[in-house]
Every structure is written in structure tokens, then in C-alpha cells.
Amino acid sequence: MSLIHALVARGSTILAEASTDEHDFSQAVQTILSKIPPNNSKLTYVWEQYLFHYVSEGGLTYLVMADDAVGRRMPFSFLSTVQRKLATAHPSPPASPHALQQSFGPTLSDLLTQYNSQQNPAASSSQNPDVLYQAQNELNQVKDIMVHNVEQILSRGERIELLVDKTDTMAGQSLAFRRGAKATRRKMFWRNRKVMALGAAVFLFFIYLFIAQFCGAALNRCGS
């Protein structure tokens, strides 16, 4: 159970990011960022065994990628912490790509390590009664956050383009099938012609043998 990748972005421009995994999830992350609406929203996207949780607020997007076994309370608690720390450190963050990587990237990395090391939340709650109340409050908030599959963020145009590609492929296969069927019919036609010609030759040969019994091999005795 772990948080894998976290970032802060303005629109589709990533300002800072950190990761605990060596795999490259940039394509999936960029796809999700490009589909997030400009209005304030909270959402979870499902992609294979991973969950992409994000909070979009004030023109900034806070996103964390996690294993599906982590659940949703901890990732959104993580995002709330990221929001508070960013607001404190950078009240007006710049919009250029990776502008906060050096200053806020280490903070994201530390938070990922901190949250991933929380192996026993129940023990922590027993030591601090306020933690249990905060966790319950966060859980109630997370219940209202929708969950979508990543495939649902594909636009209608992208779906149509995909459908056109499939249609073109099917059309090409259909054309190839028609050409193959035509060639097969032509081949069968000439094969039937050969069989008919051979049959006719055999038939004439048997007639010749029958007549040759009475007229001789040269067919000259019947005339006399």
C-alpha cells in the first residue's frame, strides 16, 4: 500500500512533482491533467490497479497517484496537506513548467515518505484522540467525491477518431476479403473448366474404343 506519484499543476503545466516509483506514468498523468475542468472539483480516476486522486481549486491542481489498496481517505488527506504547505510557502505560485520543482519538489517527496510510513493509523489514533476525529471528518468528505474510470475522460472526438480507425481497418479487411473471394472464384472457374474438358476427352475416348471394336482402330472397316 503506497502513494506513488504526486504533483502540483496549473492547468496541464506541472509546477512540481515527486515519485516513489521508477516507472514512467507521465502519459497517464498528462492525459488526466488535460481533462480536468477549470472549475473547483475533487475526483478519483481509476486506471488498472491505480487510483488518481485530485483536488482542483483556485486554478491549481493537486494530484496523487496511489495503489487501489490504499483507499481514498489517506490520499485526500495527503492532498489537503499539500494544499496547506503550498499556500504557506508559495501564496502566488508561478505558471512556468517545473517552476517550483527545486523549492517544493522536496516537500512533496517528504510528504510521500511520511504518509507511506504510516503503517498503523489505529495506533496513532489511540495516542491522539483528535486524530480519530480528523480521520472521520476526512472520511465523510471523501464519500462525496466521485470515482470515474480513465476511459471516461476520452472526449467524443477521440472516441470517434478511434472508431474511424477501427472502421478503416474493417474496411481494408473487407476489401481484402472481396479480392480474395474473387481470386478464389476465378481459380475455381478455370479448375472446373479443366475438369469438364478432361471429362469430355475421356467420354470421347470411350466412344472411340466402343466404335473401334466394330470398325477397327482406323475406323476403316465400317465404311466397307
Side-chain angles (χ1 to χ4, degrees), residues 1-7 9 11-14 17 19-39 41 43-54 56 61 63-70 72 97-98 145-224:
M1 299 197 330
S2 63
L3 304 180
I4 301 171
H5 192 88
L7 62 86
S12 58
T13 301
I14 298 176
E17 61 183 332
S19 181
T20 61
D21 193 283
E22 60 183 9
H23 293 88
D24 183 14
F25 299 101
S26 58
Q27 184 176 0
V29 168
Q30 285 293 339
T31 301
I32 293 175
L33 287 177
S34 66
K35 303 300 180 181
I36 295 178
N39 56 296
S41 59
L43 199 65
T44 295
Y45 280 117
V46 181
W47 180 60
E48 295 182 352
Q49 74 271 29
Y50 303 108
L51 298 179
F52 291 83
H53 313 274
Y54 79 81
S56 180
T61 298
L63 184 145
V64 62
M65 174 185 175
D67 291 331
D68 56 0
V70 175
R72 303 172 65 196
H98 290 91
I145 300 174
M146 299 179 63
V147 179
H148 287 174
N149 192 287
V150 168
E151 293 182 359
Q152 293 176 303
I153 67 177
L154 293 176
S155 66
R156 183 172 180 271
E158 290 170 329
R159 293 179 184 272
I160 290 176
E161 183 178 353
L162 180 61
L163 179 61
V164 168
D165 291 341
K166 290 182 178 179
T167 303
D168 291 342
T169 301
M170 293 177 63
Q173 292 175 345
S174 177
L175 179 60
F177 175 79
R178 288 198 300 269
R179 289 178 176 174
K182 188 175 181 180
T184 301
R185 287 197 301 268
R186 186 183 300 111
K187 184 178 181 180
M188 292 300 297
F189 171 79
W190 288 112
R191 180 180 295 177
N192 291 336
R193 289 282 180 167
K194 291 179 180 179
V195 171
M196 292 177 61
L198 180 61
V202 171
F203 176 74
L204 293 176
F205 178 72
F206 278 106
I207 292 179
Y208 165 77
L209 290 179
F210 178 77
I211 297 175
Q213 291 179 355
F214 302 97
C215 301
L219 304 180
N220 53 0
R221 288 186 297 180
C222 292
S224 61

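The residues of the chain are indexed from 1 along the displayed sequence.
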Does Pro37 have any side-chain contact (heavy atoms from CB on, under 4.5 Å) partners at least two apart in sequence or in another chain, and if so, which? Asn39, Ser41, Tyr54
Phe189 and its side-chain contact (heavy atoms from CB on, under 4.5 Å) partner, picked from Lys187, Arg193, Arg185: Arg193
Once rounded to the nearest 0.5 Å, what's the spacing between atom CG of Leu7 and atom OG1 of Thr61? 8.5 Å
Verdict with supporting geometry, Leu51 and Val64, side chain to side chain contact (heavy atoms under 4.5 Å, CB included): CA-CA 8 Å; Leu51 298 179; Val64 62; over 6 Å; no
Do any side-chain atoms of residues 20-29 form donor-acceptor pairs under 3.5 angstrom with protein atoms, and if so which ones, sequence neighbours left out?
{"unit_1": "Thr20", "atom_1": "OG1", "unit_2": "Leu3", "atom_2": "O", "d": "3.0"}
{"unit_1": "Thr20", "atom_1": "OG1", "unit_2": "Ile4", "atom_2": "O", "d": "3.2"}
{"unit_1": "Asp21", "atom_1": "OD1", "unit_2": "His23", "atom_2": "N", "d": "2.7"}
{"unit_1": "Asp21", "atom_1": "OD1", "unit_2": "His23", "atom_2": "ND1", "d": "2.5"}
{"unit_1": "Asp24", "atom_1": "OD1", "unit_2": "Ser26", "atom_2": "N", "d": "3.0"}
{"unit_1": "Asp24", "atom_1": "OD1", "unit_2": "Ser26", "atom_2": "OG", "d": "2.8"}
{"unit_1": "Asp24", "atom_1": "OD2", "unit_2": "Ser26", "atom_2": "OG", "d": "3.2"}

Hey, what do you get for CE (Met188) to CG (Asn192), rounding to the nearest 0.5 Å? 5.5 Å
Under the side chain to side chain contact (heavy atoms under 4.5 Å, CB included) rule, what do His98 and Glu17 come out as? Steps first, then yes or no, please. CA-CA 8 Å; His98 290 91; Glu17 61 183 332; 3.0 Å; yes
Once rounded to the nearest 0.5 Å, what's the spacing between atom CD1 of Ile36 and atom CG of Leu63? 6.0 Å
Distance in Å, Ile32 CD1 paired with Phe52 CZ, rounded so as to fall on 0.5 Å steps: 4.5 Å
Is any side-chain heavy atom of Ile14 less than 4.5 Å from a side-chain heavy atom of Gln30? yes
Grab the two heavy atoms, one from Lys35 and one from Thr31, that are nearest each other, plus how far apart they are. CG-O, 3.2 Å
Sorted by chain and residue number, the ring pair (Phe, Tyr, Trp, His ring centres under 6.0 Å) partners of His5 (sequence neighbours excluded) come out as none
